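All figures in this text were calculated on a predicted structure; none of them were measured in a lab. Along the sequence shown, residues carry numbers from 1.
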Amino acid sequence: MTETNATLPAPTPRDIRTFGLLWLIFFAGLGGIVWWKAGALVGAGIFLGAALLVSLVLNGAHRLRQLQGVFLPGLFLVVGLVATRGAVKEVITTLIVVGAAGTVVIAGVPAVGRVVYRFWLEAAEPIGWTISHFILALTYYLVLTPIGLIARLVGYNPMKKQLDPSAETYWIKHEARDDRSSYFRQF
């Protein structure tokens, strides 16, 4: 664990307090999802587990550290499976107690708060890595690629990148300006 602690930023007391509040909101939100549709947590756990596996395969630089990522998919799966078996009230009560007690401990004992904070960041990192790369790929292939293809189809060429065998140079001459105010209008 000493290797991972050096790579994470040291949380400030404000970070710890904010994390304690977010802890409560997270577990209350899980309770709300259990009340609304417990099976959704099983699906979310499977999705997070798949994201973790993708990160383990494609981002193998810190495999040992990524094993903490099993915590979140495991939490979602266990809570979802227990709730789908009919123990909805007990699961919601447990989640609220864990959220409230965790908030008190995290905010009240900063040393414990730092440990939980760092563990949570390391557990979420591989899943966040996969999801962020997935969203970037979707944005690139579903937004930017079609824009580029449409621009090519209509002949839009802002960089004027066409070959002209008769041209001596591709240099574009611009007139020099002596007005110093143009220094601040570079485009």
Distance check, rounded to the nearest 0.5 Å: [X] atom [atom1] versus [Y] atom [atom2]?
| X | Y | atom1 | atom2 | answer |
| --- | --- | --- | --- | --- |
| Y117 | D15 | OH | CG | 4.5 Å |
| I131 | L136 | CD1 | CG | 12.0 Å |
| R114 | T12 | CZ | OG1 | 10.5 Å |
| L95 | L75 | CG | CG | 7.5 Å |
| I106 | I16 | CD1 | CD1 | 8.0 Å |
| F26 | F19 | CZ | CZ | 9.5 Å |

Answer yes if [X] and [Y] sit in the same cluster of Ile, Leu, Val, Met, Phe, Trp and Tyr residues linked by side chain heavy atoms under 4.5 Å apart, and no otherwise.
| X | Y | answer |
| --- | --- | --- |
| V78 | L48 | yes |
| F76 | V70 | yes |
| V97 | V112 | no |
| L72 | L56 | yes |
| I127 | L53 | yes |

Keeping the roles fixed (side chain from [X], backbone from [Y]), state whether a donor-acceptor pair exists under 3.5 Å.
| X | Y | answer |
| --- | --- | --- |
| T145 | L142 | no |
| W23 | V98 | yes |
| S55 | A51 | no |

Applying ring pair (Phe, Tyr, Trp, His ring centres under 6.0 Å), name anything that partners F71, two or more places apart in sequence or on another chain.
-> F119, W120
Y170, OH atom: more than 12 neighbouring heavy atoms under 6.0 Å = yes
Is any side-chain heavy atom of L121 less than 4.5 Å from a side-chain heavy atom of E125?
-> no
Tell me which donor-acceptor pairs under 3.5 Å the side chains of residues 29-47 have, and how far apart each pair is, sequence neighbours excluded?
none

What pair of heavy atoms forms the shortest contact from L24 to G99, and how long is it?
-> CD1-C, 3.7 Å
Do you know which two heavy atoms are closest between A10 and R118, and how far apart they sit?
-> CA-NH2, 3.5 Å
Worked check of side chain to side chain contact (heavy atoms under 4.5 Å, CB included) between F27 and I96 | CA-CA 6 Å; F27 280 97; I96 290 172; over 6 Å; no
